[in-house]
> 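Questions regarding the structure given below will be posed in turn.
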Amino acid sequence: MAETQKKQRLLSLDVLRGLTVFGMILVNNGGGKYSFAPLNHSVWNGMTPCDLVFPFFLFMVGVSIFISLSRHAGEPGISAKIIKRTILLFVIGVALHAWDMIVWGDAASIPGHLRLWGVLQRIALSYCGASFLFLAFKGRHLWKITLSLLVIYAIILLVGNGYSEVAEENWLGKVDKVLFGDHIYQKVLDGRTPVDPEGLVGVISGIAHALLGVICGKALMQGKDVGEKIMNITVIAVGLMIGGYLLSYGLPINKRIWSPSYVLVTCGMAAGLLGLFTWIIDMKGYKKWSTVFQWFGMNALFVYILSEMLPSVIGVTGISGLLFDGWASVFGPGSPWSFLFYALTLDAFMALCAWLLFRKKIIIKL
């Protein structure tokens, strides 16, 4: 539904969320292997700037959980609202896969090969798990719960050959295959079937990730003044990054399996950047530079969904080819600059859509 925003929002959170969505559109349409290296995911272990986009967004889901549930935790029907939002997010995620197949004329394959997992599905289940844990423990023991989840997931990875790139050798891939058959990640890399990067077992790590966002949201919102808020979240950010990098010597940073070290490092980076934005925007008042990202951030989910639907439409109609040919005539068809500016063109269109909603003071929520 759409509603006029009346309450004051945390601007730094909107800006960081918006920057993340801007980055999502950029890397999703940047040409893959033809784009600049920072816009490509790491092949396996390791991390590139591209690998920060999704975890930053999930981290901010956690921050939003604290802001929302700390206000409405005792309200009747809050559990039903969480379940409803979870189902809607999951269904929309699956529908986006179906949309792409339908637009490209492959609707007949939906019954046998529609992928059940994806970005929104991981967000949905992580949001659900973190929200109910927050309610069940009334916002207490969050560190203990988060670390327990990460330990459980680490044990699964160590016992279940979790760092194998081949799905048939990895417990994560085996579980998805047994439970969901062909309704999982179907791409083949170097002749091997990789683990679904948003599969079921990884939700354990995803919930821990969202809970770290909850913890940082609590540190940010409960500070007595802006200076204390920034200090609180900065201390957590530094601790998470140090802990994550130390853990990576035994459990390497890996985005595809959402390893515990990856959770700690990316949440630490997100927390640090949120603290920096809070200092720049909310404390120092430097806001003009962030206006476009604010537009994205205030309707982040809508903009993301639209950006996922648009490429298939402009692809099948030939519009994407015309856009790319235009940039290729300037930089050359094989130049990564052509792919970069093509992706920036889509970002500009999404910015226009986000601006129209901002101008009308409309925020689209689930």
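Computed from a predicted model, the values in this text were never measured in an experiment. All residue numbers refer to positions in the sequence shown, counting from 1.
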> Quick one: closest heavy-atom pair of Ile363 and Met298, and the distance?
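Looks like CG2-O, 3.4 Å.
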> Please tell me whether Trp355 and Phe296 form a close aromatic pair, meaning their ring centres lie under 6.0 Å apart.
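That pair fails the under 6.0 Å test.
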> Can you tell me if Ser12 and Thr278 form a side-chain donor-acceptor pair at under 3.5 Å?
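A donor-acceptor contact under 3.5 Å links the two side chains.
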> Side chains of Trp279 and Thr234: any donor to acceptor distance under 3.5 Å?
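No - no donor-acceptor pair under 3.5 Å links their side chains.
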> At what distance, to the nearest 0.5 angstrom, does CZ of Arg140 lie from CZ of Phe134?
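That separation rounds to 10.5 Å.
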> Can any side-chain N or O of His209 pair as donor or acceptor with the backbone N or O of Phe56 at less than 3.5 Å?
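Absent.
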> Do you see a donor-acceptor pair shorter than 3.5 Å between the side chains of Glu308 and Asn28?
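Indeed, the side chains of Glu308 and Asn28 share at least one donor-acceptor pair under 3.5 Å.
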> Out of curiosity, Asp182 CG to Lys177 NZ, how far, rounded to the nearest 0.5 Å?
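With rounding to 0.5 Å, CG (Asp182) is 4.0 Å from NZ (Lys177).
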> What's the spacing between Leu251 CG and Leu264 CG if we round to 0.5 Å?
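The CG atom of Leu264 is 10.0 Å from CG of Leu251, to the nearest 0.5 Å.
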> Assigning hydrophobic clusters by single linkage (Ile, Leu, Val, Met, Phe, Trp, Tyr; side-chain heavy-atom cutoff under 4.5 Å), is Ile257 placed with Tyr249?
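No, Ile257 does not connect to Tyr249 through the hydrophobic network.
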> State whether a side-chain donor-acceptor pair under 3.5 Å links Asn161 with Asn170.
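No, Asn170 and Asn161 have no side-chain donor paired with an acceptor closer than 3.5 Å.
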> Roughly how far, to the nearest 0.5 Å, is CD1 of Ile314 from CE of Met309?
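It is 13.0 Å, given to the nearest 0.5 Å.
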> Kindly give the heavy-atom pair with the smallest separation between Gly272 and Ala237, and that separation in Å.
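Looking at all heavy atoms of both residues, the shortest contact is N-CB, 3.4 Å.
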> Out of the candidates Asp176, Val159, Val195, Val201, only one should pair with Trp171 under the side chain to side chain contact (heavy atoms under 4.5 Å, CB included) rule; please name it.
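Of all the options given, the one that passes is Val159.
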> Test side chain to side chain contact (heavy atoms under 4.5 Å, CB included) on His97 and Gln121 and set out the steps.
CA-CA 11 Å; His97 293 320; Gln121 295 91 313; 3.7 Å; yes
> State the OG1-CG distance between Thr266 and Leu58, to the nearest 0.5 angstrom.
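Answer for the OG1-CG pair, Thr266 versus Leu58, is 8.5 Å.
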> Could you tell me which non-hydrogen atom of Phe66 sits nearest to which non-hydrogen atom of Val214, and how far apart they are?
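Shortest heavy-atom separation between Phe66 and Val214 comes out as CB-O, 3.8 Å.
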> Go through Asp347 and Leu26 one step at a time and tell me if the side chain to side chain contact (heavy atoms under 4.5 Å, CB included) criterion holds.
CA-CA 7 Å; Asp347 253 324; Leu26 194 65; 3.8 Å; yes
> State, yes or no, whether a side-chain contact exists between Leu96 and Ile305 at a heavy-atom distance under 4.5 Å.
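Leu96 vs Ile305: side chains touch.
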> What distance do Ser70 atom OG and Ile67 atom CD1 have between them, rounded to the nearest 0.5 Å?
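The OG atom of Ser70 sits 7.5 Å away from the CD1 atom of Ile67.
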> How about Asn40 and Ser35: do any of their side-chain heavy atoms sit closer than 4.5 Å?
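The answer is yes; the side chains approach within 4.5 Å.
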> Salt bridge check: are Asp196 and Arg115 linked by an N-O gap of less than 4.0 Å?
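Salt bridge between Asp196 and Arg115, a charged N being under 4.0 Å from a carboxylate O: yes.
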> Any chance the side chains of Arg85 and Ser131 put a donor and an acceptor closer than 3.5 Å?
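No donor-acceptor contact under 3.5 Å links the two side chains.
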